[in-house]
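Here the structure is laid out as structure tokens; the discussion comes afterwards.
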Number of protein chains: 2
Amino acid sequence: MARLAGVSTATVSRAISTPSVVSEATREAVFDAVRRTGYQINLTARNLRRRRTGAIVVMVPDLGNPFFSRILAGIEHVAAPAGFSVLIVDTKQPHAEEGQLFTYLHNTRADGLISLDGSLPRALLERLDGSNGLPPIVFACEWMAGGLFSKVVIDNAAGAAMAVRHLHGHGHRRIGHVLGPQGNVLTSARLKGTRAALEDLDLRIVPEWFFDGDFSLQSGAEAARAWLALQERPTAVFCASDQMACGFISELSMEGYSVPQDVSVVGFDDIDIARRFIPSLTTIHQPRNDIGAEAAKLLIERIGNGKAAAPAVEEVLPVELVARESSGPAEPF
Amino acid sequence: MARLAGVSTATVSRAISTPSVVSEATREAVFDAVRRTGYQINLTARNLRRRRTGAIVVMVPDLGNPFFSRILAGIEHVAAPAGFSVLIVDTKQPHAEEGQLFTYLHNTRADGLISLDGSLPRALLERLDGSNGLPPIVFACEWMAGGLFSKVVIDNAAGAAMAVRHLHGHGHRRIGHVLGPQGNVLTSARLKGTRAALEDLDLRIVPEWFFDGDFSLQSGAEAARAWLALQERPTAVFCASDQMACGFISELSMEGYSVPQDVSVVGFDDIDIARRFIPSLTTIHQPRNDIGAEAAKLLIERIGNGKAAAPAVEEVLPVELVARESSGPAEPF
DNA sequence: AGCTAACATGTAATCGATTACAAAGCGCAG
DNA sequence: CTGCGCTTTGTAATCGATTACATGTTAGCT
């Protein structure tokens, strides 16, 4: 390579990574040689020397879940132009044991980490107190208690409150809620928002109207069965995810009930299928692409700086209610 | 590190990567030092020396599409335990221009490539004839004409035929088809299967009953509008993707038509929502996880071998029809 | 002319692991 | 006791780019 262009390897390197410092003529000679040989820089070598990897890891709780794919797309959208590769890890996979995951991070594999799962491998956490050079970490969607890390989230409580107020606005006075998985931060934030709004509106809070769930289609269907079994049923139900809302409506429909005639349903997320479900889903829209993009932007910024200095940032993106067909007026009675 | 264990760096390296060649005592000493210092190997350096990267790239046509996420999950499931990182690239992103993508591959970033998109960046293809060390490549789902590359696919034509036969079995004699995007290999394979089955069953092939589409919800809805506009309508429609089937049914439902009473619909893919859609979707089930897993297995095998030697392999995974509610008996008349 | 500053380029060290090769230690057979 | 072979370990070269430092060149100024 260097020989072909008639210069030293140092000059080649400079022509490629700092074109401004070499003379016009040399630059051309080098570029020409590059073109002729089809030379491709060896990133491994560059990264070794620069002490970085040019990759960021994204920990995804469940790759099969369509909710996350758009966020990933947002991340990729920002990371790729910035010269970072996106490495994905499915944390729900069995291999994802302590050690394994840890390996993924220790700066040797990636320069930073975005967690969509609200957790970190234990091994990583233990490193924390050692103030031992952890790579920059940003949480998106979910997060960990403690305010230690930067995060990009939405106002879950506000979203939940919007859902409840919407139903109240339609005349509903008995409102139920299908929860996400126990122990999840989103679950509790949305639950909190729901309860707060219910209290605010002087509506009844009935324990039986709070159904267990885990964000999945299946759990929505199970909630529907619980709803069916009730003596006194809420006339509207706010589900903490669209998937559960779909499962809920689907199960009811199999039992001959219809939405919104028999019960109004509001979801959360506004996944793609929401507007095409039958009935189309009233839901709380999250800017999924933006969440990913913001998280990536934040992370890359941190990687650029001396990571240590930066204090944790919290970015809250707006949500909005999208009224569709699954919610309607309460039966007057 | 080496100092702490009282041995040379060479011995440390051996203890870690080839434990069998060092003596019991030394090995223990090294492992002990590793434990005490929390030493993590620098993969960049190792990869530089070994002339590999330990990563595979997956080119995804559209990360936002839920169909692909499960395939990705399958890939990750196999790749991670084998010590490979999974790098994703969204080929539909604007940045994904020729050069950019190329950079991703040239062995410096990844040891191999899985393409879910049925294409390769042009720059890569040009390399082909040069027999210039291309990394191993495996196609999954979609593929490129020419049999040059290994691929893991399903029998699309057979799937389409199953769908048509199923509808025929329910008494339908006028059957339509919503196509995928033009120029796509899946589109043509499914179309071919559809036509073959129609001919086989002595059913009419009416050009107006073949609707354009692109696998998306939106295009399914548009096909529904086209169906509505027809003078003579098919009594059953086979959609080349579940998303289109959902869009189709959704649009009809808004216009007051219902499925399967007014028209039977069969989809393709069996995405998660299919069984919870209303009506639940009769569809051709693809083993999405397995497709990803097989592709990864195949690729990793190739990476292990001297890549050159291996002839292209074609693996065809079975599909099956899942009969649900969206298809029913044709109106007798 | 003489001196300095600015620029362009080459030389060689460096990143951190791997590994070819050499050497040392040891056992065993002749 | 010598020599061959085996195991274990150390020395130093290597992977391919980057970059501190040194050197050489030219322009500009007094």
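Lettering follows sequence order; numbering is per chain, from 1. In what follows, every heavy atom counts, from backbone to side chain, and hydrogens, waters and symmetry copies are set aside.
- For B/Arg49, the listed nucleotide lying nearest its side chain is C/dA17; candidates were C/dA17, D/dG16, D/dA20.
- Taking atom CG of residue B/Asn47 and atom C1' of nucleotide D/dC15, one finds them 11 Å apart after rounding to whole Å.
- If you find the closest nucleotide of DNA chain D to A/Thr9 and to B/Thr9, the one lying nearer the 5' end belongs to B/Thr9.
- A/Arg52 has its CZ atom 23 Å from the P atom of C/dT14, to the nearest Å.
- Here C/dA17 is the nucleotide among D/dA12, C/dT11, C/dA17 with the atom lying nearest to any side-chain atom of B/Ser13.
- Between the CZ atom of B/Arg50 and the CG atom of B/Asp111 there is a distance of 11.5 Å, given to the nearest 0.5 Å.
- With rounding to the nearest 0.5 Å, the separation of CD1 in A/Ile291 from CG in A/Leu317 is 6.0 Å.
- The side chain of B/Val7 lies closest to D/dG10, out of D/dG10, C/dA17, D/dT18.
- Within the 4.0 Å cut-off from OP1 or OP2 of C/dT11, not a single side-chain nitrogen or oxygen of A/Ser8 is found.
- Within 4.0 Å of A/Arg50, counting heavy atoms only, lie sugar-phosphate atoms of the nucleic acid but no base atom.
- Residues B/Ala45 and B/Arg14 both approach DNA chain C. Their nearest nucleotides, taken by heavy-atom distance, put B/Ala45 toward the 5′ side.
- The main-chain N or O of B/Val138 is never found under 3.5 Å from a side-chain atom of B/Ser150 such that the two would form a donor-acceptor pair.
- Using a 4.0 Å cut-off between a side-chain N of Lys or Arg and a carboxylate O of Asp or Glu, A/Arg288 and A/Asp272 qualify as a salt bridge.
- One atom, CD1 of A/Ile16, and another, P of D/dT19, lie 13 Å apart when rounded to the nearest Å.
- Side-chain atoms of B/Thr91 and B/Asp117 include a donor-acceptor pair closer than 3.5 Å.
- Using a 4.0 Å heavy-atom distance criterion, B/Val12 is classed as making no nucleic acid contact.
- Of the side-chain N and O atoms in A/Ser17, none sit less than 4.0 angstrom from OP1 or OP2 of D/dA17.
- One finds no side-chain N or O of B/Arg51 lying less than 4.0 angstrom from the OP1 or OP2 phosphate oxygen of D/dC15.
- Looking at heavy-atom distances under 4.0 Å, A/Ser23 makes contact with sugar-phosphate atoms alone, never a base.
- In this structure, the CG atom of B/Leu48 is 4 Å from the C1' atom of D/dC15, given to the nearest Å.
- The side chain of A/Arg46 sits closest to D/dA17 out of D/dA17, D/dT9, D/dA12.
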